[in-house]
Number of protein chains: 2
Amino acid sequence: MQSPICAMLDIEFPLLAFSHCRDVVVAVSKAGGMGVFGAASLPPERLEEELAWIDAHVGGKPYGVDLIVPNSFAGKGDSRSTPPTIPDEHKAFVAGLLEKHGVDDGNLSLPAVGGGLGENMTDDGAAKLLEVAFRHPIKLIANALGVPPPLMLELGKCHNVPVAALVGTRDHALAQVRAGVDILVVAGGEAGGHCGEVATMVLVPEVAEAVEAVGATTPILAAGGIVTGRQMAAAMAMGAHGAWTGSVWLTTAEAETNPVVKEKMLLASSRDTVRSKSRTGKPSRQLRSPWTDAWEAEGAPKPLPMPLQSLVSEPALRKVDKLSEGGHEGAKALATYWVGQGVGLMNEAMGAGQVVQEFKVDWIAACERLNGFIGD
Amino acid sequence: MQSPICAMLDIEFPLLAFSHCRDVVVAVSKAGGMGVFGAASLPPERLEEELAWIDAHVGGKPYGVDLIVPNSFAGKGDSRSTPPTIPDEHKAFVAGLLEKHGVDDGNLSLPAVGGGLGENMTDDGAAKLLEVAFRHPIKLIANALGVPPPLMLELGKCHNVPVAALVGTRDHALAQVRAGVDILVVAGGEAGGHCGEVATMVLVPEVAEAVEAVGATTPILAAGGIVTGRQMAAAMAMGAHGAWTGSVWLTTAEAETNPVVKEKMLLASSRDTVRSKSRTGKPSRQLRSPWTDAWEAEGAPKPLPMPLQSLVSEPALRKVDKLSEGGHEGAKALATYWVGQGVGLMNEAMGAGQVVQEFKVDWIAACERLNGFIGD
């Protein structure tokens with residue numbers, strides 16, 4: 001396909017697949033798109049293992065790595081020496097919520113020091129992950145939150161690896177262009193995970209226009225709600241050069257998504273998600289469940305700032321995941337995961353490579369549909 | 001253009017323009033789209049005058065009328081005999097908010113009985129408006145909220161006038177198809193005025209798929225955030241057959257929009273809107289201002305059910321509009337109006353006919369952009 005994204009990343013079809021699952025990354029890259037491995041919460045030694053596995057299986061096809069390295073966060077650079085304090089109110093709320101669903105709240109703890117999102121979001125932790133990532137033949141490095149730190153941009157330039165960054169507003173997009181990122185991932189409010197409020201249908205043309213207005217040529221990947229080729233084509237008609245996707249891979253055969261959550265996603269309509277601060281401290285879109293409903297209800301504790309809220313939610317949700325997979329009814333009800341409104345269009349489980357093929361076919365069909373409106 | 005919408009409405013370009021301003025309706029219809037006159041809050045005698053004016057100026061081109069006739073509302077059929085009661089809390093809140101901005105809260109009253117949204121939303125009021133509308137050569141009748149009442153569907157059939165209805169969810173779309181509407185206006189959460197939560201990028205393909213799955217062929221107008229031809233093309237690539245627009249006409253030369261608000265809209269970014277119940281009692285998207293901020297703030301009164309909340313907000317906002325046009329600083333700050341996130345792309349005032357031309361040019365450019373991605 002004639003897209004600057006294809007030229008820049010040496011791929012055939014400008015479809016990027018964000019996934020925490022190495023099998024998805026490999027399958028998408030082999031099918032002509034690009035898998036981007038989400039490594040934000042992995043300890044460096046696990047990232048090393050995962051990338052070595054990808055290298056061994058991807059057959060030389062290009063792939064990328066995605067991190068979350070914010071420029072500002074609570075407890076910056078200091079997560080070991082002063083362990084963060086979780087208010088009793090939050091602890092009691094989680095305990096009560098779990099108890100209500102028959103889930104024992106004992107043994108809720110994050111993995112040992114050296115792993116976890118909190119650790120990786122310090123300067124030290126992020127540097128270690130970057131070091132590992134750049135030891136591998138990655139073809140893209142992406143930052144999921146805010147302007148990438150200078151170290152990431154520098155390493156990208158040194159290794160000739162394009163740096164992508166997620167944005168949810170026009171002004172953030174322009175800040176990224178000024179900072180020198182190579183690819184903008186423009187994510188509408190319908191996206192799963194961290195997202196802004198402006199919808200993809202408006203944000204993509206708004207950013208495309210703003211980038212052009214400052215004389216820049218930074219290519220744009222549209223994100224947010226995109227789970228089909230017709231939506232990808234729509235975004236590209238509006239000024240994007242490709243698509244960045246996440247949700248659609250969660251229900252693929254290769255994905256390690258909790259089977260209970262996978263089933264919920266296949267049944268969900270586009271209305272079954274909520275944008276809430278309750279998981280990470282920043283607004284992120286996720287599948288609605290009694291867990292998210294409780295945090296959204298009146299009287300619930302105010303979510304803590306990032307990364308503290310993750311220390312409240314993740315241990316509980318990991319336990320919920322584990323129990324739900326074993327058939328625990330209360331846990332099955334509570335189980336949730338990040339997903340975008342596009343979940344309403346995800347109705348069939350298939351292989352990740354097949355999803356890429358479907359995107360291609362659907363993209364072409366959408367283009368033909370559009371051409372068909374033009375009279376003779 | 002080869003679209004079932006063009007065939008059904010006898011228009012050249014499937015762009016529908018909702019406007020309360022008769023000049024916009026006429027300009028759009030004459031330029032090859034279709035103007036749809038928003039009559040929801042007019043007394044029948046005013047509607048008669050307006051439609052007579054349109055008939056005299058539209059040169060035989062097709063136009064439509066849009067009403068709000070809900071199937072359920074507070075005080076149904078009974079608005080005269082039992083005047084609605086506004087809680088003191090709401091009155092005091094509005095008085096305090098106005099006072100804070102130097103606006104006298106005296107003389108806040110709705111027009112006399114026989115007009116206003118509240119009256120038109122009773123069965124009697126709606127029937128009178130329908131009667132007037134069908135005395136004119138309208139080519140479309142649209143209902144902006146819920147399944148049209150049987151009377152509207154029946155009159156449409158009798159007069160061979162297609163009936164359109166706005167929907168914000170897949171299930172509502174299917175209910176409309178079952179009820180027999182002729183055109184679905186599928187409105188994403190980025191739309192101005194009443195809107196749901198699901199974004200256009202997801203809702204349009206979701207509804208298109210669902211309509212097809214039940215074996216229906218009801219054509220779809222995409223709405224929500226669409227203010228340019230490229231967005232219209234995008235929606236049509238995803239399964240829509242045309243676009244329904246509202247916001248983009250508010251800043252045209254013909255629009256009777258409060259000039260203060262018009263200027264705010266031209267300067268606004270896509271983030272400067274809010275989806276709030278504070279204006280009508282149902283969620284509607286509007287330009288953010290200290291007025292909307294106050295209603296969204298903690299401790300604000302809970303908006304009343306439709307149509308009572310309009311009795312709280314409209315008199316105050318009319319006064320604000322009037323004072324702001326006279327240069328009152330506090331009123332200028334408070335002034336607001338319904339508008340979608342597409343306001344971020346509305347940066348230049350132009351004539352309504354010119355907007356239609358720009359849509360056409362931009363639609364073609366978007367189609368060419370999409371075709372350009374396909375390699376030789």
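Any value given below was found using the heavy atoms of this structure, including those in side chains, with hydrogens, waters and symmetry copies removed. In what follows, chains are A, B, ... by sequence order, proteins preceding strands, each numbered from 1.
- With chain A as partner, the option from B/D171, B/T169, B/V198 having the largest number of non-hydrogen pairs under 4.5 angstrom is B/V198.
- Each of A/A237, A/C6, A/G196 has some count of heavy-atom pairs under 4.5 Å with chain B, and the biggest count is that of A/A237.
- Judged by distance alone, the side chain of B/E206 and the main-chain N or O of A/S269 form no donor-acceptor pair under 3.5 Å.
- Residue contact with chain A, scored on non-hydrogen atoms closer than 4.5 Å, involves the side chain of B/E209 exclusively.
- Of all non-hydrogen atoms in B/A240 and A/F373, the two that sit nearest each other are O-CZ, 3.5 Å.
- Counting non-hydrogen atoms of other residues, nucleotides and ligands closer than 6.0 Å to NZ of A/K262 gives a total above 12.
- When the candidates B/H241, B/M236, B/E190 are compared by the number of heavy-atom contacts under 4.5 Å with chain A, B/M236 comes out ahead.
- Residue-environment remark: CD (B/E296) exceeds the threshold of 12 foreign heavy atoms within 6.0 Å.
- Dense packing is recorded around CZ of A/R275, with more than 12 heavy atoms of other residues, nucleotides or ligands lying under 6.0 Å away.
- Interface remark: A/A208 contributes no atoms to any contact with chain B (heavy atom separation under 4.5 Å).
- In this structure, the side chains of A/W363 and B/L370 come closer than 4.5 Å at one or more pairs of heavy atoms.
- For the set B/T273, B/N371, B/T200, the entry with the most heavy-atom pairs within less than 4.5 Å of chain A is B/N371.
- Comparing B/R230, B/E368, B/M238 by heavy-atom pairs within less than 4.5 Å of chain A, the highest count is held by B/M238.
- The environment of NZ in B/K277 is sparse: at most 12 heavy-atom neighbours from other residues, nucleotides or ligands sit within 6.0 Å.
- Atom CE in A/M201 sits 11.0 Å away from atom CG in B/L345 (nearest 0.5 Å).
- Taking chain B as the reference chain and counting heavy-atom pairs below 4.5 Å, the highest number among A/A365, A/G344, A/G340 is found for A/G344.
- For A/E89, the CD atom counts as densely surrounded, since its 6.0 Å shell holds more than 12 non-hydrogen atoms of other residues, nucleotides or ligands.
- For A/D272, no part lies under 4.5 angstrom from a heavy atom of chain B.
- Within a 6.0 Å sphere centred on CD of A/Q286, other residues, nucleotides and ligands contribute more than 12 heavy atoms.
- Contact check for A/Q231 versus B/V202: side-chain heavy atoms found under the 4.5 Å cut-off.
- Side-chain atoms of A/I374 and B/Q2, non-hydrogen and from C-beta on, never get closer than 4.5 Å to each other.
- A side-chain donor-acceptor contact under 3.5 Å links B/Q341 to the backbone of A/A199.
- Put simply, of B/A366, B/S270, B/G342, the one with the most heavy-atom pairs under 4.5 Å next to chain A is B/S270.
- Looking at A/R369, the atoms closer than 4.5 Å to chain B (heavy atoms on both sides) all sit in the side chain, from C-beta outward.
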